[in-house]
**Student:** 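Here it is, the structure in full.
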Amino acid sequence: MKLSFAAAVAVAVIATGCAGNYNTSPQSSGIAGSNAVAASGLHQPAPTQMNAAAAAHIQVSNAVSPDESKAAAYCKQTGGTVYTRVPVYGTNDPSSELQLSGQAKFCQYTDTTTSGGSRIHILLSTLYTTKPTLAALAYLFPPPLGSCSGNPASCYCSTLGGSDLFGGINAAGGGWVNNKSTDQVLEACIFPDMSSIDSWGLAYHSASIIRGIDLTKVMRYQYPGNASRVFRGSKG
C-alpha cells in the first residue's frame, strides 16, 4: 500500500542510512494530455517575464563553490541545466523590485518533446544528496491537491509544510530570479529543512503529471526497498 507523505517522512527518518533503490512505473515525460490537465484542475500561467530595465539591476553570480561543483556536474550529467537564482521581492511591479540577500542554485530539467518544453526545478543540494529531504518525500509520496483558492501551486506548497511566498500573501509578489531561464521568476517551494522543488512541479506531480523529467529517476536519494533508477550517482 502506498504510504502517505506524512508516513513517508516518518519511515524515512527511521530508515535513514539503510540501503535501497527507487523505481516507478513508466510514465510519459512532459505535460499529459488535455484531459489529464483538465481533471487536475491545474493551469500554470505563462512564465513571468521581468521588465528589461528592472532586470538589468538584478545581479547574479554564476560562480560555483567547490562544494557545489559535483552537484552541478551531476545535474548536467542527468540532462539538466544549472541556474543560479537570487531572491527578489516585488516582482509583480518593476518599479518596486528589491533584490534580497543570498542566492541558490537550481537544476532545471526541460522536456523538449512537448510544446513549449515543460520544466521542473530542483535545488542542487536536494537533487544531489543521498539522504531524505522533505522536498524529495513530497515528490515521492504526493498528497492530493485538494481544494485551493488563488494560486493552486503556492497553496499546495503551503499544505505540504513549505512556502514560496515573499512577504506573505500580497500583491507585490516575489521569487527566485534568473533572467536567462525560461522561468525568469521561479516559485520555489522551500521546506523547513531547506530542501526545494518548484511549486508547480510538485502540484502537477500530485495529479500524476510529469513536468520536465521524472525526478525519481535522477534524485540520488533512494527510498528503501525499491529497484534501481536510471541514473546512479556515486555515494558521498
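Quick note: numbers below take in every heavy atom, side chains included, and nothing from hydrogens, waters or symmetry partners. Because the structure is a prediction, the values reported are computed rather than measured.
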**Student:** Just jot down the side chain to side chain contact (heavy atoms under 4.5 Å, CB included) partners of Ala172, sequence neighbours excluded, or say none.
**Tutor:** Tyr89, Asn170

**Student:** Quick one: side-chain hydrogen bond (donor to acceptor under 3.5 Å, both in side chains) partners of Tyr109, sequence neighbours excluded?
**Tutor:**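 Expected list: Thr78.
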
**Student:** If you measure from OG1 on Thr81 to NZ on Lys76, what distance do you get to the nearest 0.5 Å?
**Tutor:**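 Going from the OG1 atom of Thr81 to the NZ atom of Lys76 covers 8.5 Å.
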
**Student:** So does Leu202 get a backbone contact from the side chain of Arg211, meaning a donor-acceptor N/O pair under 3.5 Å?
**Tutor:** no

**Student:** Might you point out which heavy atoms bring Ser101 and Pro87 nearest each other, and give the distance in Å?
**Tutor:**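 Taking Ser101 first and Pro87 second, the nearest heavy atoms are O-CG, 3.3 Å.
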
**Student:** Distance check, rounded to the nearest 0.5 Å: Leu123 atom CG versus Ile190 atom CD1?
**Tutor:** 6.5 Å

**Student:** Nearest 0.5 Å, please: how far is CG in Leu215 from OH in Tyr221?
**Tutor:** 14.5 Å

**Student:** Return the minimal non-hydrogen interatomic distance between Ser206 and Pro142, and the atom names on each side.
**Tutor:** CA-CB, 3.9 Å

**Student:** My understanding is that only residues two or more places apart in sequence, or in another chain, count here; which of them pass side chain to side chain contact (heavy atoms under 4.5 Å, CB included) with Thr110?
**Tutor:** Gln108, Thr112, Arg119

**Student:** If every non-hydrogen atom of Trp200 is compared with every non-hydrogen atom of Pro152, which pair is closest and at what distance?
**Tutor:** CH2-CG, 3.8 Å

**Student:** Let me see the working for Ile197 and His121 under side chain to side chain contact (heavy atoms under 4.5 Å, CB included), right down to the final yes or no.
**Tutor:** CA-CA 6 Å; Ile197 296 173; His121 310 259; over 6 Å; no

**Student:** So, using side chain to side chain contact (heavy atoms under 4.5 Å, CB included) as the criterion, who are the partners of Ser154 when residues are at least two apart?
**Tutor:**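 Expected list: Asn151, Asp164, Leu165, Glu187.
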
**Student:** Can you tell me how far the CD1 atom of Ile122 sits from the CG atom of Leu127, to the nearest 0.5 Å?
**Tutor:**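 Result: 5.0 Å between the selected atoms.
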
**Student:** Less than 3.5 Å apart, any donor N or O on the side chain of Asp193 or Ser195 sitting next to an acceptor on the other?
**Tutor:** yes

**Student:** For the residue pair Phe106 and Ser196, establish whether any side-chain heavy-atom pair is separated by less than 4.5 Å.
**Tutor:**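 When only atoms from C-beta onward are counted, Ser196 and Phe106 do touch, with a gap below 4.5 Å.
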
**Student:** Is the shortest heavy-atom distance from the side chain of Tyr83 to the side chain of Trp176 under 4.5 Å?
**Tutor:** no

**Student:** Backbone N or O of Gln184 within a donor-acceptor pair of the Ser181 side chain at under 3.5 Å?
**Tutor:** no

**Student:** Work out which heavy atom in Ala138 is nearest to a heavy atom in Phe191; give both atom names and the distance.
**Tutor:**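 Shortest heavy-atom contact: CB-CZ, 4.0 Å.
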
**Student:** Do side-chain atoms of Asp198 reach the backbone of Gly201 as a donor and acceptor pair under 3.5 angstrom?
**Tutor:**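 Checking the backbone N and O of Gly201 against the side chain of Asp198, a donor-acceptor pair under 3.5 Å is found.
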
**Student:** Can you tell me how far apart OG1 (Thr84) and NZ (Lys105) are? Round to the nearest 0.5 Å.
**Tutor:**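 If we round to the nearest 0.5 Å, Thr84:OG1 and Lys105:NZ are 3.5 Å apart.
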
**Student:** Disulfide (SG to SG under 2.5 Å): which pairs involve residues 94-146, sequence neighbours left out?
**Tutor:**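 Sorted result for residues 94-146: Cys75-Cys107.
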
**Student:** Are His205 and Tyr139, when compared by the centres of their aromatic rings, separated by less than 6.0 Å?
**Tutor:**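 Distance test on ring centres: under 6.0 Å, yes.
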
**Student:** Looking only at non-hydrogen atoms, find the nearest pair between Gly161 and Pro192 and report the distance.
**Tutor:** O-CD, 3.4 Å

**Student:** Is the shortest heavy-atom distance from the side chain of Arg85 to the side chain of Leu186 under 4.5 Å?
**Tutor:** yes

**Student:** Applying side-chain hydrogen bond (donor to acceptor under 3.5 Å, both in side chains), can you list everything that pairs with Thr126, at least two apart in sequence or on another chain?
**Tutor:** none

**Student:** Would you give the length of the straight line joining atom CG of Leu160 to atom CG of Leu137, rounded to the nearest 0.5 angstrom?
**Tutor:**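 Leu160 atom CG to Leu137 atom CG measures 11.0 Å (nearest 0.5 Å).
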
**Student:** Can you find a pair of side-chain heavy atoms, one from Tyr156 and one from Ser199, that are under 4.5 Å apart?
**Tutor:**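 Sidechains of Ser199 and Tyr156: no contact.
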
**Student:** Side chains of Leu100 and Val88: does their closest heavy-atom pair fall under 4.5 Å?
**Tutor:**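 They are not in contact (no side-chain heavy atoms under 4.5 Å apart), so the answer is no.
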
